[in-house]
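A, B, ... follow the sequence lines: proteins, then strands. Residue 1 opens every chain. Predicted model only: the values in this text are computed from it and were never measured.
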Number of protein chains: 2
Amino acid sequence: MTAPLDTPMPTPSLLRRERQREETRARILEAARELFVANGVAATTMRAIAARIEYTPTAIYHHFRDKDALLAELCTNDFLALAGAFQRIGRIEDPIERIRRIGIAYVDFALDNKSQYQFLFMTPSSHVHGDGMKYVEKNNPEQDAYAFLRASVEEALKRGLFRTEFQDPDQLAQILWGGLHGIVALHIVKEHDDWIAWAEPRATARLAVDVLLRGTRRAEPA
Amino acid sequence: MTAPLDTPMPTPSLLRRERQREETRARILEAARELFVANGVAATTMRAIAARIEYTPTAIYHHFRDKDALLAELCTNDFLALAGAFQRIGRIEDPIERIRRIGIAYVDFALDNKSQYQFLFMTPSSHVHGDGMKYVEKNNPEQDAYAFLRASVEEALKRGLFRTEFQDPDQLAQILWGGLHGIVALHIVKEHDDWIAWAEPRATARLAVDVLLRGTRRAEPA
DNA sequence: AGGGTTTACTTTACGGTGTTAGGTGAACGC
DNA sequence: GCGTTCACCTAACACCGTAAAGTAAACCCT
């Protein structure tokens, strides 16, 4: 029953150590995510995260530099998840139609993951892309959701599918992105505010997708 | 030189007391606003606000219930300022053109008062309209900026100026509002993020106004 | 087999936060 | 002149994120 027989040469049980380390690291992330989502990031304390996995508060600091780093790592995951949702759209020939699908997928992601969406796109100071996002390959459409949108916009621009006042793919991408972001962001922030009679956001955002494309497309030549 | 000669009967110098009270109250608000704008609301402490007007931290609590109440009162002011900016547009016959002007005024307000805009429309939990906004007359277009937009949308809808898929004035108002909010909100939150090549937001938002109106208007009958 | 090192975690504590309770002293009505 | 009101202060509490130092088990190596 002596161990080293079935372990491949390099580092006998050091692998287990590392595996366990990653495991508790993951448990911390999981607890943090749950509490962040449930109570908001500002309202959840390091002590609460630690208590949930039966650790001492300072133990967390052996795995993450500080609270922001914890949040940043969660954000990278969510950001990659968004890019993955875009990836799942698949190859669609017409770039305009592809942009429409991107918009729908974006809105669904936002409304299905409201808290994560808040961390990603509604919170100042770059938890995202600051340092924590060094693992995301910027400008790689498979990992960078904005690059994915921008690439489709650029393609449509090159094919002359948009009105001539639009030349800068970044500007146009931002008009489209912003047009949808505003609807979901307002809804997330003010949904429990009886001041306004909120329309159902998913339907509203889908209408907005059409509005934005109709408002930017070049008129049919026929 | 005995006072009560020129003071109208009720309460001789009690008036001065109240006036002084309101004065320090206003000084607290002013200091809080400056620090909130300069450093963000989370990063400014009650102690810092108090120090700026040479008071003890706890003195603030004689004028405001807590930090949130302070923020809420600032928000009401800003919200009324936005409604005032809309009011200054004046009477414009064509409701679509009026909506266009509203959009431009909105974007200008947001970009000229980024921090206040954050408190108003990008921060969850109702500092706005929760309790602190009981002084704003909801649904009165002179005080409620959303009501102002909604009224113009409703008028245009009644005149048949929008496409037929738009029936609910709230939904349409929210598409237009959200379309602009998203652009300024994204820019405010991520402007110091080299991840994205941000287009100049004022020009972009103005383009977006045209996009949104073109995308929602009924096609010219001619 | 055992000594030294690494390391996952704990104990303790520091400086800072928003906020409360109780005191002080001047301005007030009578 | 006396009692009251009230704007403000002093002191303190509970809690926060986090740094420093200790502990004990698991590891590597001879």
> Hey, are the side chains of A:F119 and A:F79 touching, using non-hydrogen atoms and a 4.5 Å cut-off?
Replying inline: no

With a 3.5 Å cut-off and sequence neighbours excluded, list the donor-acceptor pairs that the side chains of residues 22-38 of chain A form with protein atoms.
unit_1, atom_1, unit_2, atom_2, d
A:T24, OG1, A:R21, O, 3.3
A:T24, OG1, A:H63, NE2, 3.4
A:R25, NH1, A:H63, O, 3.0
A:R25, NH2, A:E73, OE1, 2.5
A:R25, NH2, A:E73, OE2, 2.4
A:R33, NH2, A:D78, OD1, 2.7
A:R33, NH2, A:D78, OD2, 2.5
A:E34, OE1, A:R52, NH1, 2.0

Review item, nucleotides 4-8 of chain C N/O atoms under 3.5 Å of protein N/O:
unit_1, atom_1, unit_2, atom_2, d
C:dA8, OP2, A:R21, NH1, 2.8

>> Please give me the minimum heavy-atom distance between A:A110 and A:I188, naming the atom from each residue.
In response: O-CD1, 4.3 Å

> What is the distance from CD of A:Q20 to C1' of D:dA25, rounded to the nearest Å?
Replying inline: 12 Å

> Quick one: NZ on A:K114 to CZ on A:F109, what's the gap to the nearest 0.5 Å?
Replying inline: 13.5 Å

> Which residue pairs satisfy the side chain to side chain donor-acceptor pair (under 3.5 Å) criterion with at least one member in residues 140-152 of chain A, sequence neighbours excluded?
Replying inline: A:R98-A:S152, A:E137-A:N140, A:D144-B:W195, A:Y146-A:D170, A:Y146-A:Q174, A:R150-A:E154, A:R150-A:D170

>> What is the distance, to the nearest angstrom, from the CD1 atom on A:I53 to the C1' atom on C:dC9?
In response: 11 Å

Which atom pairs, donor and acceptor, lie under 3.5 Å between side-chain atoms of residues 175-183 of chain B and protein residues at least two apart or in another chain?
unit_1, atom_1, unit_2, atom_2, d
B:W177, NE1, B:Y106, OH, 2.7
B:H181, ND1, B:Y117, OH, 2.6

> What are the residues of residues 28-38 of chain A, sorted by number, that bring a heavy atom to within less than 4.0 Å of DNA chain C?
Replying inline: none

> Quick one: A:F64 CZ to C:dC9 C1', roughly how many Å, whole number?
Replying inline: 15 Å

> Atom CZ of B:R19 to atom C1' of D:dA7: distance rounded to whole Å?
Replying inline: 16 Å

> With distance as the sole test, does B:W198 use its side chain to make a donor-acceptor pair with the main-chain N or O of B:K190 at under 3.5 Å?
Replying inline: yes

> If the sugar-phosphate is the primed atoms plus P, OP1 and OP2 and the base is the rest, what is the B/S/- string for nucleotides 11-20 of chain D, using protein heavy atoms under 4.0 Å?
Replying inline: BB---BBBB-

> What does B:A59 touch in the nucleic acid at a heavy-atom separation under 4.0 angstrom: a base, only the sugar-phosphate, or nothing?
Replying inline: sugar-phosphate

> Is it the case that more than 12 heavy atoms not belonging to A:R202 sit under 6.0 Å from its CZ atom?
Replying inline: yes

> Between CG of B:N139 and CD1 of A:I196, what distance do you get to the nearest 0.5 Å?
Replying inline: 10.0 Å

> Could you give the CD1-to-P distance, from B:I60 to D:dC8, as a whole number of Å?
Replying inline: 11 Å

